[in-house]
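Working notes, beginning with the structure itself.
Throughout, a chain's letter reflects where its sequence line sits, starting with A, and its residues are numbered from 1.
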Amino acid sequence: MHNAAVLSPTANMTGSETYRLSVLRDRLWRAALWFCGFIGFLLPVSIISYLVFEGIHRVSWSFLVDYPKGTPLGTQGGIWPAVEGSLALASIGLLVAFPLALGGGLYLSEYGRSQRFNETVRFLVECLAAVPSIIYGLFGYAFLVVFLKFGISLIAGGLVLALIMFPILLIAIQESLRSIDDAYREMGLSLGVTRFYLIRRVLLRKAWRGIVAGIVLAVGHAVGSAAPVLFTASIYFSKGGLGLDRPVMTLPTHLYNLVSEAISFDQAFGTALVLIAGLLIFNASATLLRRLGGGSAQ
Amino acid sequence: MIVPMEMTCSYAPEGDHEDPADGPRIFDVRDLSVTFNGRSVLRGVNAMALDRQVLAIVGPSGSGKSTLLRTMNRTLELTLDARVTSGDIHFKGERLYGNGTDPRLVRKRICMVHQKPVAFPMSIGENVLFGVRFHKNWNGRTKDEIIRSCLDRVGLWNEVKDRLSDPASRLSVGQLQRLCIARALANDPEAILMDEPCSALDPVSTARIEELILAMKPQLPIVIVTHNLAQARRISDQSLFLYDGQSLEQDTTERIFTHPKNGRVRDFITGKVG
Amino acid sequence: MIRHFLAKTLYWSDAAVKKLSFLALGTGVAFLLLMIVFVLRESSLGLGFAMNLFDFLVRQPWAPMATPPSHGIFHAWISTLVVTGLSLGLAIPLGFGIGLFLSEVAPRWVQQVMQPALEVLAGIPAVVYGFFGYVTLVRNFETWFDMPAGECLLIAGLILAVMVLPFVASTAAEAFRGVAQDLREMAYGLGVTQLYVMRRVLFRKALPGLFAAVALGLARALGETLAVLMLAGNTVAVPHSLLDRGQPLTALLTTELGETVVHSDKYQALFASGFILLIVVLGINVMIWTLKHRFLERSHA
């Protein structure tokens with residue numbers, strides 16, 4: 001360029017000393033952030049692989065379906081009653097909580113007409129979703145086990161888990177309904193159908209992915225938590241078989257007992273791995289379902 | 001849409017051509033192509049801007065006006081997947097896309113004023129000083145002197161001098177846009193790029209920005225993207241017409257609006273196409 | 001005729017569904033409110049709660065077997081405070097760093113790997129964390145620090161930090177992502193570095209969201225039970241250092257509740273401490289709610 005020399009200033013594109021310093025600081029900072037990210041990745045990977053590495057030789061088919069054996073009880077054999085108990089507790093919780101949460105979510109997002117009412121209820125529900133599970137355990141013990149005389153039983157534990165799952169499910173259902181474009185509602189209702197018809201034919205079909213995600217979250221939370229079932233549903237050992245009025249073993253409380261009573265760390269590794277693997281597989285299959293399942297994505 | 005070859009480019013990029021209006025070229029855009037995620041957005045654009053002049057980039061929406069502007073101070077690469085695939089821009093003879101060119105230094109010297117003004121989460125005064133505190137281009141001036149002179153240049157000083165420590169978010173949109181210009185001026189830029197700076201503003205604020213552009217012109221070259229042809233006519237010396245990612249014609253504003261050579265440009269200017 | 005009848009039933013069924021869904025909502029919420037009331041009822045009766053608050057919280061030791069028995073929870077809330085503070089002190093800087101990394105620095109494929117990794121971290125049950133901490137840290141602490149039993153507040157805090165981390169990190173990432181892209185472009189457009197933009201613009205803009213992240217982490221850490229129960233050492237002595245054993249509130253509740261005579265003084269003391277925990281967590285949640293609302297309003301304006 002013939003005129004470049006005239007205009008080219010002394011300042012050039014490489015910058016001054018102070019500038020170079022601040023670029024260096026920026027580099028260091030970015031490196032620090034990469035390091036943070038690396039730690040965030042390393043933690044789950046190393047925890048999971050440690051548990052897999054230490055536990056994999058314990059887990060077998062017979063470990064899953066056998067009963068605890070040995071002296072002291074639990075040093076040998078399997079964990080079937082705990083698997084059974086955890087599944088039963090989570091199922092009861094879901095059976096009770098899901099209809100209530102679905103109804104509640106539908107009411108809040110589709111039927112409720114008062115903004116203030118909806119917001120107040122939502123606020124309450126969000127508060128209660130944050131309440132520590134040990135508090136639910138206290139309540140379950142005082143109200144269900146003692147006051148209603150349910151005793152330490154499957155039904156008491158199931159109801160406590162239902163209470164824990166209810167706010168999680170409700171929030172997930174309401175959010176996934178709320179994220180549906182209002183145009184669907186207007187278009188549907190302008191055809192003269194009832195809201196329920198619209199909900200059944202359109203809204204639930206659009207929202208089911210979010211609802212499934214909520215179920216996964218709630219069930220995962222319920223299966224993994226020991227504090228609320230510790231004094232509402234669980235016992236050290238059971239010979240298996242379920243009854244609503246009988247206590248059960250659960251995976252998390254079994255793991256807790258194995259460790260806190262120092263019964264068998266070997267068995268504990270196996271139990272922890274079964275619990276983790278079960279949760280991960282459950283999560284992954286729900287993700288797969290959401291990805292492959294029919295209906296339109298949101 | 002594919003434009004036949006003979007319709008593209010009006011302006012010869014190479015140096016043997018004698019520039020109109022005898023100013024030296026500040027920006028020289030040569031054969032610039034840009035893709036977004038593989039999709040071609042600019043295709044072999046040629047353009048230039050002269051010192052102490054206003055260049056208006058006009059054309060229908062989606063023709064790549066903003067993209068071209070954003071390549072001119074290397075803010076394009078802030079958009080994920082945007083890539084300059086060929087060509088280069090020369091700014092005062094230096095290559096903007098050369099190896100080892102620091103984009104941040106390019107941005108320091110060539111500032112951008114956006115369509116929608118946004119206040120940084122700090123006081124009015126600190127907003128002005130945002131770049132200065134980083135680049136340390138105090139040049140012997142105090143904080144207050146810089147704030148005062150920059151706000152003065154954009155005509156905001158008298159309106160805000162008593163509330164410099166108020167959060168900038170309290171300003172009106174028109175004031176905010178002028179604050180954004182002051183923020184750019186505080187960087188001591190060597191050129192200013194403006195991306196439809198008036199499209200969010202009311203007519204009164206628009207007029208003030210236009211006055212401001214004309215007032216800054218003697219010191220700085222300005223490149224402005226506008227969809228408002230009347231505005232381009234009012235304030236620019238040169239106009240570049242972009243169509244579908246290609247530069248159809250560049251000439252003095254006078255000539256482009258009275259005697260466009262290109263048929264599409266004529267159609268657009270006379271309002272046959274929107 | 002039939003069609004008319006059908007239509008009528010349909011409309012009627014809609015009204016029924018509306019009532020049913022309201023009923024469902026009411027039942028759920030009523031039970032949750034009942035929980036608060038019931039915990040309060042079980043705690044305050046007979047304790048003369050307000051009168052003895054100072055004794056309960058500070059002066060008395062936890063000595064239910066002594067004559068006369070005393071039920072103070074000073075050691076428990078001190079332990080809770082130490083463990084929670086330690087865990088947040090670690091999880092907040094790291095979590096904010098991960099949040100910034102995810103929202104500002106990481107390439108897309110890294111984000112796609114990190115997101116599920118953090119979800120896994122959040123999904124690991126507390127009891128497994130407790131077990132993991134026990135077999136990795138507790139055993140090694142016994143040899144490293146020559147302790148008779150390895151459990152201590154430091155370990156509980158460390159593991160708790162890992163548990164809280166994914167919540168802090170993803171909330172922080174959300175807060176940073178919520179900052180308008182315009183603002184970033186403008187700031188970078190002035191030729192400054194990423195560090196400068198983060199410091200001067202992003203942090204301030206994301207502040208309410210970052211507060212929410214801290215509050216969320218705090219609520220999580222306060223209420224966490226199994227891990228601290230297994231790792232903190234479970235002793236009623238007041239801790240004096242990080243390597244001392246302690247008994248956070250939640251651990252106290254879990255340890256004692258099963259062996260307590262219903263409606264005894266001790267039972268009521270346990271429920272009173274549970275109620276205090278509940279109130280603190282609810283208070284934190286009210287804070288999160290207000291922050292979120294103010295944040296929403298501001299981003300609408």
Side-chain angles (χ1 to χ4, degrees), chain A residues 22-23 25-26 29-30 32-34 36-37 39-41 43-45 47-48 99-101 103-104 106-108 111 121 123-124 126-128 130-132 134-135 138-139 141-143 146 163 166 170 194-196 220 224-227 230-231 252 255-256 259-260 265 268 272 275-276 279 283, chain C residues 10-11 13-14 17-18 20-25 27-29 31-32 35 38-39 42 94 97-98 100-101 105-106 110 113-114 117-118 120-121 123-128 131-132 134-135 162 169 193-195 219 222-223 225-226 230 250 253-254 257-258 262 271 274 277-278 281-282 285 289:
Chain A
S22 56
V23 168
R25 268 210 303 266
D26 185 58
W29 177 242
R30 284 161 61 96
L33 290 183
W34 272 94
C36 286
I39 290 184
F41 179 73
L43 278 173
V45 169
I47 291 175
I48 297 287
L100 291 180
L106 282 175
Y107 187 86
L108 284 185
Y111 288 109
V121 172
F123 171 62
L124 276 177
E126 251 175 60
C127 276
L128 292 160
V131 168
I134 177 78
I135 303 287
L138 280 187
F139 169 67
Y141 180 73
F143 185 68
V146 176
L163 272 182
F166 173 76
L170 180 72
T194 59
R195 255 178 202 278
F196 183 48
S225 61
L230 210 51
F231 22 73
L255 175 56
Y256 170 64
V259 177
S260 66
F265 283 96
L275 181 55
I276 290 274
L279 286 175
N283 258 300
Chain C
L10 273 177
Y11 283 117
S13 82
D14 191 41
V17 169
K18 179 174 176 177
L20 271 177
S21 65
F22 184 73
L23 201 67
L25 181 69
T27 318
V29 174
F31 260 99
L32 294 170
M35 177 178 74
F38 211 81
V39 172
E42 296 289 296
L94 191 57
I98 294 175
L100 264 181
F101 174 73
V105 180
V110 175
V113 174
M114 286 285 294
L118 286 179
V120 165
L121 204 59
I124 297 176
V127 62
V128 176
F131 173 58
F132 178 77
Y134 197 90
V135 289
V162 179
T193 53
Q194 211 163 13
L195 171 60
L222 283 176
T225 307
L226 256 291
M230 292 164 83
T250 50
L253 291 175
T254 324
L257 189 66
V262 174
F271 273 82
L277 185 63
L278 179 64
V281 171
L282 287 182
N285 226 62
W289 179 267

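Within a 6.0 Å radius of CZ in Phe31(C), no more than 12 heavy atoms belonging to other residues, nucleotides or ligands are found. Residue Phe41(A) places its CZ atom among 12 or fewer non-hydrogen atoms of other residues, nucleotides or ligands, all under 6.0 Å distant.
Interface remark: Thr193(C) contributes backbone and side-chain atoms alike to the contact with chain A (heavy atom separation under 4.5 Å). The contact between Leu226(C) and chain A is made entirely by side chain atoms (from C-beta outward), counting heavy-atom distances below 4.5 Å. Residue contact with chain A, scored on non-hydrogen atoms closer than 4.5 Å, involves the backbone and the side chain of Val135(C) alike. With a threshold of 4.5 angstrom between heavy atoms, Met230(C) approaches chain A through side-chain atoms but not through N, CA, C or O. In this structure, the portion of Tyr134(C) lying under 4.5 Å from any heavy atom of chain A is its side chain and not its backbone. Interface remark: Leu279(A) contributes side-chain atoms only to the contact with chain C (heavy atom separation under 4.5 Å). Contact annotation for Val146(A): only side-chain heavy atoms (C-beta onward) come within less than 4.5 Å of a heavy atom of chain C. The part of Thr27(C) that comes within reach of chain A is its side chain, from C-beta onward, which places non-hydrogen atoms under 4.5 angstrom from that chain.
Pro132(A) has its side chain within reach of Val281(C): a pair of non-hydrogen atoms, C-beta onward, lies under 4.5 Å apart. When side chains are defined from C-beta on, Ile47(A) does not count as touching Val120(C), because their heavy atoms never get closer than 4.5 Å.
Among Trp34(A), Phe265(A), Phe166(A), the residue with the largest count of heavy-atom pairs under 4.5 Å with chain C is Trp34(A). The residue among Ala101(A), Ala272(A), Ser22(A), Pro252(A) with the most heavy atom pairs within less than 4.5 Å of chain C is Pro252(A).
Here the CG atom belonging to Leu108(A) is positioned 9.5 Å from the CZ atom belonging to Phe22(C), to the nearest 0.5 angstrom. With rounding to the nearest 0.5 Å, the separation of OG1 in Thr254(C) from CZ in Phe231(A) is 5.0 Å.
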